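Values below: every heavy atom of this structure, side chains too, minus hydrogens, waters and symmetry copies. Residue numbers count from 1 along this sequence. The structure presented is a predicted model; accordingly, all values stated were derived computationally and were not measured.
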Amino acid sequence: MATALGLCVCAAGLFAEDLLQRDYRRDSAVLAHVAAHRGAATRHVARAIGARERVVARNLDRLTDDGLLVLVTDGATPALRSYRLAS
């Protein structure tokens, strides 16, 4: 029983680590796309990297919160907001 419980905990840890690594890889892809395409909108980034808009929006929010990206609103509706690298 203890061995089974230990294996479950290890498997859960590995699964969580995989999810975390996937987020880091997607953050890198999002950051690279915005660096190459200044003013890229969420929809364009999502299409370019092959991810859902909602997922890419979370990546963009995280990168903006971390100070790597800047949100460019210019009075645009939320769907048309774009991003650029922070100075």
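- Results of the salt bridge (Lys or Arg N to Asp or Glu O under 4.0 Å) test with Glu53 over Arg47, Arg43, Arg58 single out Arg43 as the only residue that passes.
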Open item on the list: Please evaluate residues Val34 and Leu60 with respect to the criterion side-chain contact (heavy atoms from CB on, under 4.5 Å), reporting the C-alpha separation (whole Å), side-chain torsions for both, the decisive distance (0.1 Å), and the verdict.
Closed with: CA-CA 10 Å; Val34 172; Leu60 289 166; 4.2 Å; yes
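- Val30 is not connected to Val55 by any chain of hydrophobic side-chain contacts under 4.5 Å among Ile, Leu, Val, Met, Phe, Trp and Tyr, and they are in different clusters.
- Clustering ILVMFWY residues whenever any of their side-chain heavy atoms sit less than 4.5 angstrom apart, transitively, puts Val72 in a cluster other than the one holding Leu63.
- Here His33 pairs with His37 under the ring-ring contact (aromatic ring centres under 6.0 Å, His included) rule; sequence neighbours left out.
- Going from atom CZ of Arg62 over to atom CG of Asp27 covers 4.0 Å, rounded to the nearest 0.5 Å.
- Residue Val45 comes nearest to Ala40 through the heavy atom pair CG2-CB, 3.7 Å, listed as atom of the first residue, atom of the second, then distance.
- Side-chain atoms of Leu85 and Arg38, non-hydrogen and from C-beta on, never get closer than 4.5 Å to each other.
- From Leu68, atom CG reaches atom CG of Leu31 across 6.0 Å, with rounding to the nearest 0.5 Å.
- Of all the heavy atoms in Ala86 and Gly67, the pair that sits closest is CB-O, 3.2 Å.
- Closest of all the heavy-atom pairs between Gly39 and Ser82 is O-CB, 3.0 Å.
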- [ ] Just do the side-chain contact (heavy atoms from CB on, under 4.5 Å) check on Arg26 and Ile49 with the steps written out, would you?
- [x] CA-CA 8 Å; Arg26 194 170 27 255; Ile49 67 167; 3.8 Å; yes
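- Across all non-hydrogen atoms, the minimal contact from Ala51 to Val56 is CB-CG2, 3.7 Å.
- For the atom pair Thr64 OG1 and Tyr83 OH, the distance stands at 5.0 Å (nearest 0.5 Å).
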